[in-house]
Amino acid sequence: MTETFKYGAALAADIEARWQDHWEREGTYEAPNPSGSLADGSGRAKLPKKFIMDMFPYPSGAGLHVGHPLGYIATDIYARRLRMTGHNVLHTLGFDAFGLPAEQYAVQTGTHPRISTEENIGNMRAQLRRLGLGHDTRRSVSTIDPEYYRWTQWIFLQIFNSWYDERAGRARPIADLVAEFESGARACPDGRDWSDLTTAERADVLGGYRLAYASDAPVNWCPGLGTVLANEEVTADGRSERGNFPVFKSRLRQWNMRITAYADRLLDDLEALDWPEAIKLQQRNWIGRSEGARIDFTIPAAEGAGDNGGADHTVAVFTTRQDTLFGSTYMVLAPEHHLVDAIVPGAWPEGTRPAWTGGHTDPGEAIAAYRKRTAAKSDVERQADAREKTGVFTGAFAINPANGERLPVFIADYVLMGYGTGAIMAVPAHDARDFAFARAFDLPMRCVVRPTDERGTDPAAWDDAFVSHDAEIIDSSGPGVILDGLDVPAAKKRMTAWLEQEGVGEGTVNYRLRDWLFSRQRYWGEPFPIVYDEDGIAHALPESMLPLELPEIDDYSPRTFDPEDADTRPETPLSRNREWVEVELDLGDGPRRYRRETNTMPNWAGSCWYELRYLDPRNSDRLVDPEVERYWMGPREGMPLGGVDLYVGGAEHAVLHLLYARFWSKVLYDLGHVSSAEPFHRLFNQGMIQAHVYRDARGFPVPAGEVEERDGRWYHGEEPVDRELGKMGKSLKNAVTPDEICAEYGADTLRLYEMAMGPLDVSRPWDPRAVVGQFRLLQRLWRNVVDETTGGTVVVDEEPDEATLRVMHKAVDGVGRDLDALRFNTAIAKITELNNHVTKQNRVPRTVAETLVLLIAPLAPHIAEELWHRLGHTDSVVHRPYPQADPAYVVDETITCVVQIRGKVKARLEVAPDISETELESIALAHPAVRGALGDAGIRKVIVRAPKLVNIVPA
RNA sequence: GCGGCCGUGGCGGAAUGGCGAGACGCGCUGGGUUUAGGUCCCAGUGGGCGCAAGCCCGUGAGGGUUCGAAUCCCUCCGGCCGCACCA
């Protein structure tokens, strides 16, 4: 068989494998650190540095489809362009390998999750290597590696052992807080004295400050997954983000992270980040900062609480509309509010309307019945009847602090325990929800903000509440405070000042963000480095005991339990290994018995800080060497908070991973472990690759590859099928793997096609037929350089002609800028244009051929290396300078001439630079806009100034 | 309901500090190479009229600003995304 030099699948495969081996041998993509074990003598660490990252993948057993590497190819191209413009580029890829699928597989098959996970990682590594990604493989990490999660645990302990000092506005070691308590610099909560407290009481007090703490609170319990979930993992309709199972509220003791302490900084620091506005907006919404006031309402003993011992009660409400306090006509508590039981009287007050009682003979019974009704609803059901207002009267009355009026107190599930204080002052005239409730329960309404529309000031005639921040306050005066005549913002200010002066409230800020529920009742996650002593006090393991490795167990399955039974401690998989759980340790005060924490961390933990480990993956003394961290991620010009230069991934992590990682970053920053206060300076969300889904008459997907199109309809064999656009996936039978595309065309074609499909941030369908277009580009490029019969080159050593120079200049000028802006589709178009141009010329000058090869090198690195080599070069294109536009080359053949009449621009003419003045005059006067503007005026003078301005002076 | 984004050929999409719309790719049409199919190569491809040169109309619809609008402003229509009893 004779050797062929035709660029086809076989030759592409040969070239690609050869160069991939070469790069691996040479360590071509290894980026040196400035110091430490990854430093080298190359001097490359002195170059300007760039840190490029992808959201790392979960090593799924299903392997990759062509949608997965989209972002990896993009970052690879960008990183290659940066290398060719003289940067030290750090680009690698690790694996986010803890998580449910491996565990579910383990439950089904009994295979240890580590075994299946590592096998999957191996398969994915092979698939990714085939794409020619220029990763520094020395830096690849996996979150399940004990040498990795040792530091995840270490960070947890840092967080556990710190508190948020509001005065300093940052986290500090918990020891500082203890010192403040001991010295009396800070008063103990509840007016107690630190020295009087028992060990358990002290632990309890500190727990109220720690940034990682265990607490009993209503949590999202998902029986379908057998674990509790964070708010961020529950969808708006009360289901689990993963698996779509219903979620219930249940009271359980769980670990939390005090992310709420960072609400303001997480919000404010968004401003400094180069992120898509959509994601910033989602984070702002999620944090949900709102400014308003706390107002204290008194429920006097005589108004309900008398039956319970005669004490007055104070109920605080949160409102953003303190200006409407005079319009409040009733009060609502969340059904779970802790004061409800205390204020309920034994009997309905005189004159209670039957509609308010729910048909019950006394308030206690009515409340018990209502609570039972709402508690039985899952969040899904609560959502379903979201608009319908239900509730019941408590029998108690609260006093409006502004005017002393008696307000009936209700409980209703439209008031949520988790937001604000779990209690509201209801202003039906100026709040849509209160309006609906007041209508349903026939409660009075009072208008205190003059409507700006035609409706008048009697709410009885309204269809809906009047809500406006740009209106005048009326009818709002009581003893001491008068708001009448003020606009809403001014009235808010005045009311807040009055509340503070009277000591019945204060201006406050409230957040929608809740603390992050951090423990899971699953096996395949990081164990907590926490043990409990005989008194149940939590102790941190010393650093020397890390990593705390996951113990072996026989049964990986999660266990469900009865959330109704408060005494049930959820059985977790780790609790089954008694030898592991019950231990004797010496934590500094001699050997004692301890019980280990048996929850595991959520799968977000490992991804909260992995960018840092990429920097210094082999460091066994520290999370990351400070000098190395400062080098790659420290604050610098235009990036005051530091961070990764470019982070590419899907938009689905907007309020999950991206919020958690920012939070950890700030804690580590506060504690002095890193110099960057933000992990990711620039974020880019790539779109999804979609695919057509073909379904038969029963709605089942049929294999997309077997569907044929006839006369604009689709058939599977003889059966007609429906087509829709959807995700790509095994279950939809439309997955295309990178392996099959590589086998048919090669990795370079796959890379080009994925990038040529359209803008990186837009989702678009995979068109299997269209791939060949990029293959043709490479074939033509190949033929422009290589003689297909001999393997020699066909380039000629002569200067390009003028037309070719122009096309080449356009490409060189445009492609570099396109690549910097991640506009890979237009970059490919410009390269194609130049390549097509010289293909038609039939003679390819050497300079053009070399320019083409270098231009395409980031996009199609294998063929570029091969052609570069065949052009007689012995170095690699990887570190060659990228072609730059020659500023001396002028493309313009015309200049723009401005025609003015009375100083106003009337026309612009494209003319030759050497045009004569008389010629220019006559062209200008012939222009329709000029003729129209002059009308009958006649021309007095035409002045041609310089070659650029024609000034016509009308008579 | 609130907030944000977007409407360009048969398809994916170029061109936005305003000035030759449709780059590049797919598909389609015709031709060439090939025993044939595929691959590959050449030409054409927004619509209309015309043998042609060329002319007219065209960026969801309508209006406006401008010498000049896919691009800026207003109204409407259509689509996508996020949030949703958050007080």
Side-chain angles (χ1 to χ4, degrees), chain A residues 6-9 236-237 276-286 288-290 292-293 295 317-322 324 328 332 334 382-383 385-390 412-416 418-427 430-434 436-437 464 467 510-514 651 654-655 712 752-753 756-759 761-777 779-780 783 788 810 814 818 823 825-836 839-840 894 896 898-901 904-910 924 927-933:
Chain A
K6 248 173 112 78
Y7 189 80
D237 59 349
E277 271 311 310
I279 302 289
K280 287 191 185 182
L281 193 69
Q282 278 188 64
Q283 292 218 343
R284 284 191 201 107
N285 287 343
W286 189 260
R289 179 189 158 101
S290 49
I295 305 180
V317 305
F318 173 75
T319 179
T320 56
R321 294 300 303 272
Q322 58 271 39
T324 63
S328 180
V332 186
R382 267 206 198 194
Q383 194 66 25
D385 48 29
R387 304 286 156 208
E388 193 195 323
K389 293 287 180 286
T390 61
D413 67 358
Y414 85 91
V415 172
L416 309 172
Y419 185 77
T421 60
I424 62 155
M425 64 174 208
V427 186
H430 304 297
D431 181 279
R433 296 150 299 177
D434 297 343
F437 189 84
D464 198 2
V467 184
N510 214 331
Y511 300 92
R512 208 185 84 114
L513 182 71
R514 321 278 166 81
V655 292
L752 282 175
Y753 176 65
M757 286 171 78
D761 55 353
V762 175
S763 295
R764 58 213 167 254
W766 181 265
D767 181 353
R769 294 179 306 184
V771 182
V772 71
Q774 301 309 319
F775 188 55
R776 287 180 189 142
L777 164 64
Q779 284 181 316
R780 285 196 296 272
R783 280 198 304 270
E788 294 199 318
K810 183 181 161 192
D818 284 344
R823 288 190 305 251
N825 53 332
T826 52
I828 292 169
K830 285 171 187 133
I831 295 170
T832 308
E833 201 181 350
L834 175 60
N835 191 51
N836 287 353
T839 303
K840 280 170 200 162
T894 61
T896 304
V898 179
V899 184
Q900 287 187 350
I901 299 178
K904 222 176 159 218
V905 175
K906 285 295 168 190
R908 282 160 209 265
L909 310 170
E910 293 295 320
H927 194 279
V930 173
R931 278 212 303 257

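These figures come from a predicted structure and were not determined experimentally. Reminder, nothing fancy here: chain letters follow the sequence lines and each chain counts from 1.
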Separation of [X] atom [atom1] from [N] atom [atom2], in whole Å?
{"X": "A/Glu277", "N": "B/G4", "atom1": "CD", "atom2": "C1'", "value": "10 Å"}
{"X": "A/Gln283", "N": "B/G4", "atom1": "CD", "atom2": "P", "value": "18 Å"}
{"X": "A/Arg284", "N": "B/G4", "atom1": "CZ", "atom2": "P", "value": "12 Å"}
{"X": "A/Gln774", "N": "B/U39", "atom1": "CD", "atom2": "C1'", "value": "17 Å"}
{"X": "A/Asp434", "N": "B/A87", "atom1": "CG", "atom2": "P", "value": "12 Å"}
{"X": "A/Lys280", "N": "B/G82", "atom1": "NZ", "atom2": "C1'", "value": "17 Å"}
{"X": "A/Arg321", "N": "B/C85", "atom1": "CZ", "atom2": "P", "value": "20 Å"}
{"X": "A/Ile279", "N": "B/C81", "atom1": "CD1", "atom2": "P", "value": "14 Å"}

Quick check on [N]: is either OP1 or OP2 less than 4.0 Å from any side-chain nitrogen or oxygen of [X]?
{"X": "A/Gln779", "N": "B/U39", "answer": "no"}
{"X": "A/Arg780", "N": "B/G25", "answer": "yes"}
{"X": "A/Asn836", "N": "B/G25", "answer": "yes"}
{"X": "A/Arg512", "N": "B/A84", "answer": "yes"}
{"X": "A/Arg783", "N": "B/C40", "answer": "no"}
{"X": "A/Asn825", "N": "B/A14", "answer": "yes"}
{"X": "A/Ser290", "N": "B/A87", "answer": "yes"}
{"X": "A/Arg776", "N": "B/C40", "answer": "yes"}

Among [options], the one nearest [X] by side-chain distance:
{"X": "A/Glu833", "options": "B/A87, B/C24, B/C26", "result": "B/C24"}
{"X": "A/Arg764", "options": "B/G12, B/A87, B/C26", "result": "B/G12"}
{"X": "A/Thr832", "options": "B/G4, B/C26, B/C24", "result": "B/C24"}
{"X": "A/Val772", "options": "B/A87, B/C26, B/A14", "result": "B/C26"}
{"X": "A/Leu281", "options": "B/A87, B/G3, B/C26", "result": "B/G3"}

**Request:** State, with a plain yes or no, whether a side-chain heavy atom of A/Asn285 is found less than 4.5 Å away from one of A/Gln282.
**Result:** no
**Asked** Are A/Tyr753 and A/Asp767 close enough that some pair of their side-chain heavy atoms sits under 4.5 Å apart?
**Response** yes
**Complete:** Assign each of A/Gly773 and A/Ala756 the nucleotide of RNA chain B bearing its closest heavy atom; nearer the 5' end lies the nucleotide of A/Ala756
**Along RNA chain B (nearest heavy atom to each residue), the more 5'-positioned of A/Ala829 and A/Gly758** = A/Gly758
Sticking with atom [atom1], work out how far [N] lies from [M], rounded to a whole angstrom.
{"N": "B/G9", "M": "B/A14", "atom1": "P", "value": "13 Å"}
{"N": "B/G12", "M": "B/C80", "atom1": "P", "value": "15 Å"}
{"N": "B/G13", "M": "B/A52", "atom1": "P", "value": "34 Å"}
{"N": "B/G60", "M": "B/C56", "atom1": "P", "value": "22 Å"}
{"N": "B/G82", "M": "B/A23", "atom1": "P", "value": "34 Å"}
{"N": "B/G44", "M": "B/G22", "atom1": "C1'", "value": "16 Å"}
{"N": "B/U59", "M": "B/G47", "atom1": "P", "value": "15 Å"}
{"N": "B/G32", "M": "B/G37", "atom1": "P", "value": "12 Å"}

How would you label the contact of [X] with the nucleic acid (heavy atoms, under 4.0 Å): base, sugar-phosphate, or nothing?
{"X": "A/Ile828", "answer": "nothing"}
{"X": "A/Val762", "answer": "sugar-phosphate"}
{"X": "A/Pro759", "answer": "sugar-phosphate"}

**Asked** Is A/Asp431 paired with A/Arg321 through a side-chain N to carboxylate O contact shorter than 4.0 Å?
**Response** no
Return the nucleotide paired to [N]: Watson-Crick means purine N1 to pyrimidine N3 with N6-O4 or O6-N4, wobble means G-U with N1-O2 and O6-N3, both under 3.5 Å.
{"N": "B/A61", "result": "B/U75"}
{"N": "B/A69", "result": "none"}
{"N": "B/A36", "result": "none"}
{"N": "B/C2", "result": "B/G82"}
{"N": "B/G27", "result": "B/U45"}
{"N": "B/A53", "result": "none"}
{"N": "B/A21", "result": "none"}

Is [X] reaching over with its side chain to a backbone N or O of [Y], donor-acceptor style, under 3.5 angstrom?
{"X": "A/Asp434", "Y": "A/Val427", "answer": "yes"}
{"X": "A/Gln283", "Y": "A/Ala654", "answer": "yes"}
{"X": "A/Arg780", "Y": "A/Thr839", "answer": "no"}
{"X": "A/Arg512", "Y": "A/Ser290", "answer": "no"}

**Request:** Mark yes or no: A/Lys389 above the aromatic ring of A/Phe437, with NZ or CZ under 6.0 Å from the six-membered ring centre and no more than 45 degrees from the axis.
**Result:** no
**Asked** Where does B/G9 land, syn or anti, once you apply the within-90°-of-0 test for syn?
**Response** syn
**Message:** So for A/Lys389 and B/C85, does any side-chain atom that can act as donor or acceptor lie under 3.5 Å from a complementary atom in the base?
**Reply:** yes
**Complete:** One should read off an interatomic distance between A/Asn835 CG and A/Leu777 CG, to the nearest 0.5 angstrom, of 5.5 Å
